[in-house]
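Below, chain A is the first sequence line, B the second, and so on; all start at residue 1. Not measured: the values here are computed from a predicted model.
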Amino acid sequence: KNEVEQSPQNLTAQEGEFITINCSYSVGISALHWLQQHPGGGIVSLFMLSSGKKKHGRLIATINIQEKHSSLHITASHPRDSAVYICAAINMDSNYQLIWGAGTKLIIKP
Amino acid sequence: EPEVTQTPSHQVTQMGQEVILRCVPISNHLYFYWYRQILGQKVEFLVSFYNNEISEKSEIFDDQFSVERPDGSNFTLKIRSTKLEDSAMYFCASSGDRGLNSPLHFGNGTRLTVT
């Protein structure tokens, strides 16, 4: 079983839809990163959070430490949001290393 | 905004050759990392570097790999004798004084192709 699981693996939606990507983890973590990987391969950090909720523009990330679950939401989605979204958890049980999820491939159609 | 820069963007090499992948982290960052992503697979951790030494390394980071920070700005990954299975995208990242508990900044990656 993967220590960090993301769902869905693939998501296709229409422009304007509200998007939710989920991340569950089975280990103790100190914080969790949400990252965006562009079609060209580059990786951009979106959020790092250890509790509660963070918002940046149309992106919102939440984390529930007790339930070992985090979500990334995109409001008013746009085709330029099309990318792979990856969660990566800082594993307290393994020398605070990052454990990467497999990513969610998001396609937003105009 | 400061960026992590990686060169080259694409490197093609023959099996058995040595390659050096270069990275310039953000200047006031203290933690440096190399990750790799084989096509179609998850990102994998290779090594982290702090205070001029390796702080953690994965099983992938065997004797064929080494890292250096030769001049206080560059951070290099050397693969001594490349294998076909080393073909991947290699990402350098850096972070501030709280390590992984700080935002991570990634370079655009070097695509290594071993033929």
Side-chain angles (χ1 to χ4, degrees), chain A residues 1-7 9-10 23 25 27-52 54-57 59 61 63 65 70 72 83-105, chain B residues 1-11 23 25-26 29 31-50 54-61 87-113:
Chain A
K1 185 185 187 302
N2 291 327
E3 291 161 315
V4 174
E5 300 249 7
Q6 284 186 238
S7 63
Q9 262 188 309
N10 295 284
C23 177
Y25 51 90
V27 296
I29 72 166
S30 62
L32 183 141
H33 290 261
W34 278 102
L35 307 129
Q36 180 193 54
Q37 187 166 30
H38 298 136
I43 298 176
V44 174
S45 177
L46 299 174
F47 296 103
M48 190 206 62
L49 66 167
S50 54
S51 65
K54 285 190 177 180
K55 185 174 190 293
H56 185 229
L59 300 178
I63 190 166
I65 296 291
S70 177
L72 177 70
V84 176
Y85 292 84
I86 305 171
C87 70
I90 303 171
N91 184 0
M92 289 196 299
D93 302 329
S94 178
N95 257 326
Y96 293 85
Q97 285 310 305
L98 266 185
I99 308 175
W100 294 73
T104 294
K105 184 173 181 181
Chain B
E1 189 178 317
E3 288 183 343
V4 175
T5 56
Q6 287 187 245
T7 54
S9 56
H10 193 182
Q11 172 100 40
C23 170
I26 292 174
H29 281 183
Y31 291 81
F32 314 111
Y33 314 88
W34 282 102
Y35 295 93
R36 80 171 185 192
Q37 187 177 33
I38 295 169
L39 188 65
Q41 297 187 21
K42 284 165 60 164
V43 176
E44 300 173 291
F45 168 69
L46 293 177
V47 66
S48 58
F49 194 87
Y50 171 73
I54 290 173
S55 49
E56 292 291 334
K57 59 182 181 178
S58 70
E59 291 173 355
I60 302 166
F61 195 88
S87 295
M89 187 77 127
Y90 287 80
F91 292 102
C92 171
S94 68
S95 63
D97 60 358
R98 296 187 65 219
L100 288 173
N101 288 295
S102 313
L104 279 172
H105 294 253
F106 285 84
N108 284 330
T110 292
R111 184 170 299 283
L112 176 66
T113 303

Rounded distance [0.5 Å steps], CD1 in I43(A) versus CE in M89(B): 8.0 Å

Closest non-hydrogen atom pair between L100(B) and I90(A), with its separation: O-CD1, 2.9 Å

Shortest non-hydrogen contact between Q97(A) and F45(B), atoms and distance: OE1-CZ, 3.1 Å

Residue N108(B) excluded, over 12 heavy atoms near CG under 6.0 Å: no

Gap between atom CE of M48(A) and atom OG of S95(B) - 0.5 Å precision: 9.5 Å

Any side-chain heavy-atom pair of F91(B) and Q37(A) under 4.5 Å: yes

Interface residue of largest heavy-atom contact number with chain B, from A88(A), G103(A), G41(A), A31(A), under 4.5 Å: G41(A)

K105(A) atom NZ, neighbour heavy-atom count above 12 within 6.0 Å: no

Residue pair L35(A), V43(B): steps toward the side chain to side chain contact (heavy atoms under 4.5 Å, CB included) verdict: CA-CA 11 Å; L35(A) 307 129; V43(B) 176; over 6 Å; no

Side chain, backbone, both or neither of Q6(B) within contact of chain A (heavy atoms, under 4.5 Å): neither

Under 4.5 Å from a heavy atom of chain A, the part of Y35(B) involved: side chain

Side chain, backbone, both or neither of S48(B) within contact of chain A (heavy atoms, under 4.5 Å): side chain

Minimum-distance pair of heavy atoms, taken over all atoms of S45(A) and L104(B): CB-O, 3.1 Å

Crowding at NE2, H56(A) (>12 non-hydrogen neighbours, <6.0 Å): no

